[in-house]
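First comes the structure, then the notes that go with it.
Just so it is clear, the model here is predicted, and its values are computed rather than measured. Sequence positions, counted from 1, serve as the residue numbers for this chain. Note that ligands are numbered from 1 as they come in the structure, with each ligand's atoms numbered from 1 the same way. Atoms considered below: every heavy atom in the structure, side chains included; atoms not considered: hydrogens, waters and symmetry mates.
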Amino acid sequence: MTRLVVAVGGNALAADGTFEAQQRTVAKTAATLAETEAVTEAELVVTHGNGPQVGYELLEVEAADTPERPLDVLVAETQASLGSLLQRSLDADLDRPVAAMVTRAIVDPDDPAFETPTKPIGPWYTEAEAEAKPFTTKQVGRGEKSYRRVVPSPEPTEVPETDAVSALLEAGQAVICGGGGGVPVARTPDGFEGVEAVIDKDYTSHHIADGVGADRLVFLTDVPYAYLGYGTDDQRPLESVPPEEVRRYLDAGEFAEGSMAPKMRACARFAESGGEAVVASIDDPAAALSGETGTVVQKSSDS
Ligand code: ADP
Ligand code: MG
């Protein structure tokens, strides 16, 4: 049986921002996945983003007079909320039981990413509000409220749950894991501790796909292709590309850091170890999974 990892974008899942809209997109995505032949004939792992959802959690923490929760706990909360929504929808439609797993992503505390936090998260502040915050903020936009909290975004070194994911797949279950890029943790002498960071789910999804020996890794996002000349008059979709070509485009800056670059880096890595990686639109998962649309990254047959 083939092993398939489908990584669903957090933005693509959030739709217009209401809970009902999110539930509808989750249900629609799950239903389409469940009736797609590439899914019914494969062992299935679903990972997902959480950008907008963890943003709401941060707003709530600020607005409510409740005890602070560190960022790693907020990520775990979105794994539970989005994971259980996905689980409920997939369970209704899929031909097998569905498990949702709280998943960690181990980071190296000496990663240079910790020296310069780059990832903006949560609400926007004025300069005065930003200065009063107990965390690092940075001016990331224009206008009165142009500051946001910024956190480091290191790459994970390991996802400790991959063996558990494999065991569940072997037991005939579908698995939802790696939500929001994983709960960020660092190793300590006694185990693990949470760290203040946000991990791109694209890297975590690659670790999971690699760790469970998946054959295909499919990123469902809000654009139908990775493009060259993205946003210019000369925009061209990439249809089928070998990983070495993807590396060249990455070096040339064709894919924006923080959005398409992590996906294409993950695709190149996965393809280099022999798998097939795809970036395609969440609007038509069936077409994406059957290979009709989307950017397919795979070693060329003669390499
Ligand atoms: P996800 O939640 O699926 O990870 P992201 O927002 O991180 O979504 O990544 C998808 C976004 O990447 C697109 O909406 C698009 O704006 C952006 N992007 C940047 N560079 C490119 C490119 N070269 N081709 C396509 N999309 C790109
Ligand atoms: Mg992303």
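In terms of N/O distances under 3.5 Å, ligand 1 is not approached by D202.
In this structure, F270 and H206 have perpendicular ring planes: the angle between them is above 60°, well past the 30° mark.
The proximity of Y227 to ligand 1, defined as any non-hydrogen pair under 4.0 Å, involves the side chain as well as the backbone. Contacts between V223 and ligand 1, counted as non-hydrogen atom pairs separated by less than 4.0 Å, involve the side chain only. Contacts with ligand 1 closer than 4.0 Å are made by no heavy atom of F219, backbone or side chain. Under 4.0 Å from ligand 1, the heavy atoms of K201 that appear belong solely to its side chain. Contacts with ligand 1 closer than 4.0 Å are made by side-chain heavy atoms of D222 only, the backbone lying farther away.
Between the side chains of T78 and N50, a donor-acceptor pair is found at a separation under 3.5 Å.
Looking at atom 7 (O) of ligand 1, its nearest protein heavy atom turns out to be S259 CA, 3.3 Å. Residue, atom and distance of the protein heavy atom nearest to atom 26 (N) of ligand 1 are M260 CE, 3.4 Å. At the shortest separation from atom 4 (O) of ligand 1 among protein heavy atoms lies K263 NZ, 2.6 Å. Ranking the protein heavy atoms by distance from atom 6 (O) of ligand 1 puts N11 ND2, 3.5 Å first. T221 OG1, 3.4 Å is the protein heavy atom nearest to atom 8 (O) of ligand 1.
A donor-acceptor distance shorter than 3.5 angstrom exists from the side chain of S153 to the backbone of V198, with no hydrogens or angles considered. A distance-only check finds a donor-acceptor pair linking the side chain of E161 to the backbone of R104 [under 3.5 Å]. T188 places a side-chain N or O within 3.5 Å of a backbone atom of D190 that can act as its donor or acceptor partner. S281 contributes no side-chain N or O that, together with a main-chain N or O of P224, makes up a donor-acceptor pair within less than 3.5 Å.
Checked for salt-bridge contact, E62 and R149 miss the test: no charged N lies under 4.0 Å from a carboxylate O. Looking at K119 and E257, no side-chain N of the basic residue comes within less than 4.0 Å of a carboxylate O on the acidic one, giving no salt bridge.
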